[in-house]
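Inspection log for the structure reproduced underneath, given as structure tokens.
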Number of protein chains: 2
Amino acid sequence: MPNRLTINDIARLSGVGKSTVSRVLNNENGVSQQTRERVAAVVNQHGFSPSRSARAMRGQSDKVVAIIVTRLDSRAENLAVQTMLPAFYEQGYDPIMMESRFQPELVAEHLQMLSQRNIDGVVLFGFTGITPCLLAAWRDSLVVMARDVSGFSSVSYDDEGAIELLMAKLYAEGHRQIGFIGVPHSDVTTGKRRHQAYETFCRQHDLTPRAVLPGLGMQPGYDHVAQVLTPETTALLCASDSLALGASKYLQERRIALQLASVGNTSLINFLHPEILTVDPGYAEAGRQAAAQLIAQVTDVDAPHQHVIPARLV
Amino acid sequence: MPNRLTINDIARLSGVGKSTVSRVLNNENGVSQQTRERVAAVVNQHGFSPSRSARAMRGQSDKVVAIIVTRLDSRAENLAVQTMLPAFYEQGYDPIMMESRFQPELVAEHLQMLSQRNIDGVVLFGFTGITPCLLAAWRDSLVVMARDVSGFSSVSYDDEGAIELLMAKLYAEGHRQIGFIGVPHSDVTTGKRRHQAYETFCRQHDLTPRAVLPGLGMQPGYDHVAQVLTPETTALLCASDSLALGASKYLQERRIALQLASVGNTSLINFLHPEILTVDPGYAEAGRQAAAQLIAQVTDVDAPHQHVIPARLV
DNA sequence: CTGTTAGCGCCTTCAG
DNA sequence: CTGAAGGCGCTAACAG
């Protein structure tokens, strides 16, 4: 692993000056085809690669980005990160990872730490409590995931679309008593938007809404499903896969047969409960998009931009 | 986020030379208390932090490590990484993450990429197909997780101990017909060792072993449980939590009541199936240990070392 | 105790 | 088209 060769060695080995080697390395023009090939040969032969630190010191960019997830074991975020990583690597960026655990203070600490690293940019998975002022210093080099923070780039999911898709499908299948289990409105996206989309659909189709908003997680799902169930209920819409998991456990225990539907298409739920109707919020695409957007932004070819990923029934 | 101050600025601002500032920054001795405090004040006041690249170039390390997980959504690995990250950050190391997806070629590619990055060290979550020669170049700066590769540092789980713990408990509860569902022996740890520990316990306690080794994952668990069930079977031991999840789905569907036991204590399984007897292989501790070992090793205060984390009933 | 002087490996003028 | 010379921010000798 020691890459002890330097640009000087390569220069000597191929009988040219360092600047020429540098030009070849950076694909600059102003080098004869002959020389270029000769240098390239030596470079490849020795598996030489320029020192990133030296580069960084000269220019600016370290080519390092950070990805701050809420929890490492969030299935949804995993799916996004899974496409994000390769996208970054392809462009020569090294992604370092951090966990916020839904704590704004931890985000602050992490960003603090990152600012001492001369990081190029940050992808932050948003959650309740993230405020613009917390991120102020990063206006140009930050992409928020799953949430839109005014003034910042973001890649978010189509909450309304996802709910509409599911509701329309349930409705088409004949369901008229559809319960909803979600997240408090303090969570704008998973909470407020999804719930409102549900309410809206109910209103437009003359259905009686019955909703409960205990919050994210399996346990809340389990504990609170009962509250939206009436003897007539035939279907239940869940704002997230963890809620669906919890709710479905409850229903199974009570032997209550209900058509479940949920936002969030993960392998876990697909295996455990293939009967659940799910919609893919586009995690994979969101990951790619976030990486692309961040790179575009820090490479100065793009301005902050709000991007919404369309949902897709599966 | 631009840390535009340099050591020179600090020197000027506090009326000393750069070397003095450097000494203060690195807590070296040979600076009067007076001067030290004055410089420190200026540093804090301006929130100055030295450029990592410049430091790295001057011969110090980059303070960057890589963590190569098999899958970002492995619950077991998540738990280990969750403790590993803070451990690295505390020591000033930036962890970059990669996914191997159980493909040795991908590991090779990643290591290749890392060697051009002048990385300090690597934590690699092992799997079948990882050979010493693949890792040869990293002998001194690599820690393998969950597997021991001869000649390399490793942090592994106590496979035998975990199985014994579970079997002993099942036995103590009166179970005499205990099935086993595991992983082929090509996987030395989760596969061979756990299965053999099962066989050994059966032999020692005069039980009739009944095992099937379809491989990791929920689907294999679901598809193959039936093969180890007899009318007399009262308990089933699973080599991993995903197998347990699969098996338990099958049993639930068939309304077969069985005491399940499984290696792998994750919140998912604890919620979904609290009735399953689980043993914690010590993921959290393993993560801490791996980080500590890697740091000790690259700081040159330690030699490669095989570490085994004890299992613990929960 | 403290300042001065060299580079680390690279990119970037600037001459040739 | 190419090489020589500087300097990025920092640390490590070496002088005072």
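In what follows, chains are A, B, ... by sequence order, proteins preceding strands, each numbered from 1.
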From CG of A/L5 across to C1' of C/dC8 the rounded distance in Å is 15 Å
Closest to the side chain of A/T35, out of C/dT2, D/dC1, C/dG3, is D/dC1
Sorted by position of nearest nucleotide on DNA chain C, 5' first, the leading residue of B/R36 and B/A54 is B/R36
Winner on side-chain proximity to A/S51, out of C/dC10, D/dC10, D/dC1, is C/dC10
Could you tell me whether B/R117 and A/D94 have a side-chain N and a carboxylate O separated by less than 4.0 Å? yes
The side chain to side chain donor-acceptor pair (under 3.5 Å) partners of A/R147 (sequence neighbours excluded) come to A/D187, A/T189
### Task
Indicate, with a heavy-atom threshold strictly under 4.0 Å, whether A/S53 touches base, sugar-phosphate, or nothing.
nothing
On DNA chain C, more 5' by nearest nucleotide between B/S32 and B/M57 is B/S32
Whole-Å distance, A/D62 CG to C/dG9 P, equals 17 Å
Check your understanding: Between B/Y157 and B/Y283, how do the two ring planes meet: parallel, tilted or perpendicular, split at 30° and 60°?
Key -> perpendicular
Here the distance between atom P of C/dT2 and atom CG of B/N26, to the nearest Å, is 16 Å
Separation of D/dG3 atom C1' from A/R12 atom CZ, nearest Å, is 15 Å
In whole angstroms, the gap separating C1' of C/dG3 from CD1 of B/I10 amounts to 17 Å
Distance col, row A/R71:CZ vs A/E77:CD, nearest 0.5 angstrom, shows 7.5 Å
Separation between CE (B/M145) and OG1 (B/T70), nearest 0.5 Å, reads 11.0 Å
Rounded to the nearest 0.5 Å, the CG atom of B/D73 sits from the CZ atom of B/R75 at a distance of 8.0 Å
Determine, for A/F152 and A/R139, whether the Lys NZ or Arg CZ falls below 6.0 Å from the six-membered ring centre while staying within 45 degrees of the axis. yes
B/E28 CD to D/dT11 P, in whole Å, measures 8 Å
Which of B/I67, B/V298, B/I68, B/V143 passes side-chain contact (heavy atoms from CB on, under 4.5 Å) with B/V122? Answer is B/I68
Exercise for the section: Under 4.0 Å between any heavy atoms, over every strand shown, what does B/Q34 touch: base, sugar-phosphate, or nothing? Just pick one. Expected result: nothing
The bend of the helix from C/dC1-D/dG16 to C/dG16-D/dC1, taken between the axes of its five terminal pairs at each end and rounded to 10°, is 40°
When rounded to the nearest 0.5 Å, the distance separating NE2 of A/H307 from OG of A/S156 is 9.0 Å
Distance below 4.0 Å between A/N8 side-chain N/O and C/dC10 OP1 or OP2: no
Under 4.5 Å between any side-chain heavy atoms of A/T6 and A/K18, yes or no?
no
Out of C/dG9, C/dC11, D/dC10, minimum distance to the side chain of A/S22 belongs to C/dC11
To the nearest angstrom, the CG-P distance between A/N29 and D/dC1 comes to 9 Å
Write out a two-atom table: protein N or O, nucleotide N or O from nucleotides 4-7 of chain C, distance below 3.5 Å.
from: C/dT4; atom 1: O4; to: B/S19; atom 2: OG; distance (Å): 2.7
from: C/dG7; atom 1: N2; to: B/R58; atom 2: NE; distance (Å): 2.6

Atom CZ of B/R52 and atom C1' of D/dC8 are separated, to the nearest Å, by 18 Å
